Amino acid sequence: MSSDHVGAMPSVAEQVLAISEIQSLFAKRLRAMDTKQWDRYAECHTDDVVSESYADVPDQNRPQTDGRENKVVGAVALTKAISGLLDGATKVTTVHHGHTPEIELTSPTTARGVWAMEDELWWQRGDVTEHMHGYGHYHEEYRKVEGRWRISYRKLTRLRVTKTPGFFGYLRGRL
């Protein structure tokens, strides 16, 4: 974004463009995750991204960093964690939707947002379809790096989850 003064907020037109770019980034991340395009998924994040999005995963399978459960740091580690959950020996079909974003620019190169979310996940255990359906919010922060917006922080909070009793069975021995 251009500005006459370092740190000055951008024009209204530049703010609208930034918000549009962040919305596109968010959509790209969800699509990359659902289509298992892990190189594209990693590109959506800063190198030092922090993700706290695994609270629903059983304790023994929850990613952790520096002994802290439910925390992954770095785009490479995050991509490895999410691909390990969704794209290992058992393929998990996912559909993620993000709705009604509340995005606020906090500087010319930083922003934060909250998105209502809904996700559904399925996998096959023989003749049984295991399923999870969740509702909640993504709380995110964004940073513009080399002219492109990236996700620098994410926390998933869930309001409701319904799942089949054996849904997390595919994780045994995976992580």
Side-chain angles (χ1 to χ4, degrees), residues 1 17-99 101-123 132 134 136-158 167-168 170-175:
M1 291 180 201
L17 177 61
I19 289 170
S20 177
E21 290 172 345
I22 290 167
Q23 289 173 333
S24 292
L25 167 68
F26 184 88
K28 177 182 176 182
R29 179 186 69 84
L30 294 184
R31 182 173 43 83
M33 183 169 38
D34 289 341
T35 59
K36 314 299 189 264
Q37 296 179 45
W38 302 118
D39 56 335
R40 298 189 94 192
Y41 182 85
E43 293 170 0
C44 295
H45 302 88
T46 60
D47 289 341
D48 62 348
V49 64
V50 174
S51 178
E52 299 174 312
S53 300
Y54 303 94
D56 292 325
V57 174
D59 292 348
Q60 68 274 17
N61 298 105
R62 199 175 295 152
Q64 55 181 289
T65 299
D66 299 328
R68 183 170 167 205
E69 288 186 356
N70 190 32
K71 182 177 181 182
V72 178
V73 177
V76 171
L78 176 57
T79 302
K80 181 180 178 185
I82 196 70
S83 66
L85 285 171
L86 303 178
D87 201 20
T90 301
K91 302 295 184 203
V92 179
T93 301
T94 62
V95 176
H96 289 81
H97 288 183
H99 311 279
E102 303 169 59
I103 299 172
E104 172 190 10
L105 296 179
T106 55
S107 82
T109 58
T110 60
R112 65 177 156 243
V114 178
W115 296 76
M117 64 76 64
E118 179 179 4
D119 61 356
E120 292 202 57
L121 298 85
W122 301 266
W123 67 279
M132 184 178 91
H137 295 91
Y138 285 112
H139 304 262
E140 296 189 333
E141 295 176 9
Y142 311 94
R143 190 166 62 235
K144 199 167 191 178
V145 178
E146 297 177 1
R148 295 182 63 196
W149 288 98
R150 300 281 189 254
I151 300 164
S152 59
Y153 174 81
R154 176 189 315 88
K155 182 174 187 173
L156 171 60
T157 58
R158 291 190 183 271
F167 178 76
F168 285 113
Y170 79 96
L171 290 174
R172 289 187 188 96
R174 293 268 305 270
L175 299 175

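None of the values given here were measured: they were computed from a predicted structure.
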Quick one: [atom1] on [X] to [atom2] on [Y], what's the gap to the nearest 0.5 Å?
X      : Y      : atom1 : atom2 : result
Glu141 : Glu104 : CD    : CD    : 10.5 Å
Leu105 : Ile22  : CG    : CD1   : 5.5 Å
Ser20  : Ile103 : OG    : CD1   : 9.0 Å
Arg112 : Ser152 : CZ    : OG    : 11.5 Å
Glu118 : His137 : CD    : NE2   : 12.0 Å
Glu102 : His139 : CD    : NE2   : 9.5 Å

(message) Using the rule given for side chain to side chain contact (heavy atoms under 4.5 Å, CB included), can you reason through Leu156 versus Glu52, listing the C-alpha separation, both sets of side-chain angles and the distance that settles it, and then say yes or no?
(response) CA-CA 7 Å; Leu156 171 60; Glu52 299 174 312; over 6 Å; no

(request) With side chain to side chain contact (heavy atoms under 4.5 Å, CB included) as the test, would you mind laying out the steps for Met132 and Phe168 before giving the verdict? (result) CA-CA 9 Å; Met132 184 178 91; Phe168 285 113; 4.0 Å; yes

Please give me the minimum heavy-atom distance between [X] and [Y], naming the atom from each residue.
X      : Y      : answer
Ala75  : Val49  : N-CG1, 3.6 Å
Val92  : Leu85  : CG2-O, 3.9 Å
Lys144 : Pro108 : CD-O, 4.5 Å
Thr110 : Thr106 : OG1-OG1, 2.6 Å
Leu30  : His97  : CD1-C, 3.9 Å

(request) Evaluate the side-chain proximity of Leu86 to Asp34: yes if any heavy-atom separation is below 4.5 Å, no if none is. (result) no

(request) May I ask you to test the Ile151-Leu25 pair for a side-chain heavy-atom distance under 4.5 Å? (result)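 With C-beta onward as the side chain, the pair touches.
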
(request) For Tyr142 and Glu140, test the side chains for any donor-to-acceptor distance below 3.5 angstrom and give the result as yes or no. (result) yes

(request) Say whether Thr79 and Ser83, considering side chains only, have a donor N or O and an acceptor N or O under 3.5 Å apart. (result) no

(message) Run Glu120 and Thr94 through side chain to side chain contact (heavy atoms under 4.5 Å, CB included) and show every step you take.
(response) CA-CA 6 Å; Glu120 292 202 57; Thr94 62; over 6 Å; no

(request) Starting from the C-alpha separation in whole Å, work towards a yes-or-no answer on salt bridge (charged side-chain N to carboxylate O under 4.0 Å, His left out) for Arg143 and Asp48. (result) CA-CA 11 Å; Arg143 190 166 62 235; Asp48 62 348; 2.5 Å; yes

(message) Ile19 vs Gln23, test: side chain to side chain contact (heavy atoms under 4.5 Å, CB included). Steps then yes/no.
(response) CA-CA 6 Å; Ile19 289 170; Gln23 289 173 333; 4.1 Å; yes

(request) Apply the side chain to side chain contact (heavy atoms under 4.5 Å, CB included) test between Arg29 and each candidate in Arg154, Arg40, His96; give the one that qualifies. (result) Arg154

(message) Salt bridge check, Asp119 against Arg158: does any charged N sit closer than 4.0 Å to a carboxylate O?
(response)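 Asp119 and Arg158: salt-bridged.
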
(message) Any carboxylate oxygen within less than 4.0 angstrom of a Lys/Arg side-chain nitrogen, looking at Glu43 and Arg148?
(response)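 No, no charged N to carboxylate O under 4.0 Å.
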
(request) Would you check if the side chain of Trp123 reaches a backbone N or O of Phe167 as a donor-acceptor pair within less than 3.5 Å? (result)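 At least one qualifying donor-acceptor pair exists.
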
(message) Ring centres under 6.0 Å, that's the criterion: do Tyr138 and Phe26 meet it?
(response)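 Yes, the ring centres sit under 6.0 Å apart.
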
(request) Over 60° means perpendicular and under 30° means parallel, so classify the ring planes of Tyr41 and His45, tilted if in between. (result) tilted

